[in-house]
Amino acid sequence: MTRMLSADTMATVKATAPALREHGLDITKRMYARMFAQNPEVKMMFDQAAQESGEQPKRLAAAIIAYAENVDKLENLSGPVMRMARRHVETHVKPEHYPIVAENLLAAIKDVLGDAASDEVLEAWAEAYWFLADILIAKEDELYAEEAAD
């Protein structure tokens, strides 16, 4: 069962939305650069044309912003979450990949936002990331099971 986010975490994440609107693309570009340099085996899971065109970092930035803005009303994100889960299954994302993304996303937030990414902000985003990751992993498990049953 997925744990719930605390009110403090939701408020902190929601308060970062303006900074993410301004710097979200820089954060996602930094995240992918770090992640691919440190984990080259993960790079092949991504559409490199979408990376090179900048489309993938833009999509991820938009998803992060949408999450920040809707963290207190996740029902608004059910469609995008399902599309993301389906895409993850298509590209063979597994639960063991989530810590790699978490580490690189949080580091990129700190790199780009600097002092604005306080320990409180990073802790809230870590909690929010794992909350969403748990939802995605559960949906992906269902999709993998459906795929195996076919």
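In what follows, residues are counted from 1 in the order of the sequence shown. Keep in mind it's a predicted model, so treat the numbers as computed, not measured.
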Got a second to check how far Glu41's CD is from Ile100's CD1, nearest 0.5 Å?
-> 5.5 Å
Of all heavy-atom pairs between Val13 and Thr16, which one has the smallest distance, and what is that distance?
-> O-OG1, 2.5 Å
Going through the distances and angles, do Val71 and Phe131 end up as a side chain to side chain contact (heavy atoms under 4.5 Å, CB included)?
-> CA-CA 10 Å; Val71 70; Phe131 178 81; over 6 Å; no
Can we say Glu142 and Lys139 salt-bridge, meaning some charged N sits less than 4.0 Å from an Asp/Glu carboxylate O?
-> no
Approximate separation, where rounding is to 0.5 Å, of Arg87 CZ and Leu143 CG = 13.5 Å
Are any side-chain N or O atoms of Tyr67 and backbone N or O atoms of Ala128, one a donor and one an acceptor, separated by less than 3.5 Å?
-> yes
Does Glu140 use its side chain to pair, donor to acceptor, with the backbone of Pro95 at less than 3.5 Å?
-> no
Less than 4.5 Å apart, any side-chain heavy atom of Val121 and any of Leu113?
-> no
Decide side chain to side chain contact (heavy atoms under 4.5 Å, CB included) for Glu103 and Met35; before the verdict, give the C-alpha distance in whole Å, the side-chain angles of both, and the deciding distance to 0.1 Å.
-> CA-CA 9 Å; Glu103 175 187 334; Met35 186 168 65; over 6 Å; no
Do Gln51 and Lys43 touch side chain to side chain, with heavy atoms closer than 4.5 Å?
-> no
Evaluate the ring planes of Tyr98 and Trp130, with Trp represented by its six-membered ring, and classify them as parallel (under 30°), tilted (30 to 60°) or perpendicular (over 60°).
-> tilted
Is the closest side-chain heavy-atom distance between Leu105 and Tyr129 below 4.5 Å?
-> yes
List the atom of Met10, the atom of Leu5, and the distance in Å for their closest heavy-atom pair.
-> CE-O, 3.7 Å
List the steps, then state whether side chain to side chain contact (heavy atoms under 4.5 Å, CB included) holds for Asn39 with Asn104.
-> CA-CA 10 Å; Asn39 306 90; Asn104 288 287; 3.9 Å; yes
Near Glu120 CD, under 6.0 Å, is it more than 12 heavy atoms from other residues, nucleotides or ligands?
-> no
Taking a hydrophobic cluster as the set of Ile, Leu, Val, Met, Phe, Trp and Tyr residues connected by side-chain heavy atoms closer than 4.5 Å, whether directly or through intermediates, do Phe46 and Ile64 fall within one such cluster?
-> yes
Neighbour count above 12 (heavy atom, 6.0 Å) for Arg21 CZ | no
Separation between CE of Met82 and CD1 of Ile135, rounded to the nearest 0.5 Å | 12.5 Å
Glu52 side chain to Ala50 main-chain N or O, any donor-acceptor pair under 3.5 Å?
-> no
Using a 4.5 Å cut-off on heavy atoms from C-beta on, say whether the side chain of Leu20 contacts that of Trp125.
-> yes
Taking the side chain as C-beta and beyond, is there a heavy-atom pair between Val81 and Leu132 under 4.5 Å?
-> yes
Can you find a pair of side-chain heavy atoms, one from Val89 and one from Tyr144, that are under 4.5 Å apart?
-> yes
Side-chain heavy atoms of Glu127 within contact of Glu123, under 4.5 Å | no
Spacing of His88 atom NE2 and Leu136 atom CG [to the nearest 0.5 Å] | 6.0 Å
Separation between CZ of Phe36 and CE of Met44, rounded to the nearest 0.5 Å | 11.5 Å
From Asn70 atom CG to Lys14 atom NZ, the distance as rounded to the nearest 0.5 Å = 6.0 Å
Can you give me every donor-acceptor pair (side chain of residues 24-33, partner residue at least two apart or in another chain, under 3.5 Å) with its distance?
from	atom 1	to	atom 2	distance (Å)
Thr28	OG1	Gly24	O	3.4
Thr28	OG1	Leu25	O	3.1
Thr28	OG1	Pro57	O	2.9
Arg30	NE	Asp111	OD2	2.9
Arg30	NH2	Asp111	OD2	3.1
Tyr32	OH	Gln56	NE2	2.8

For residues Lys110 and Leu122, report the shortest heavy-atom separation together with the two atoms involved.
-> CD-CD1, 3.9 Å
Whether Asp47 side chain and Ala49 backbone form a donor-acceptor pair below 3.5 Å | yes
Sequence neighbours excluded - ring-ring contact (aromatic ring centres under 6.0 Å, His included) pairs with any residue from residues 4-23 | none
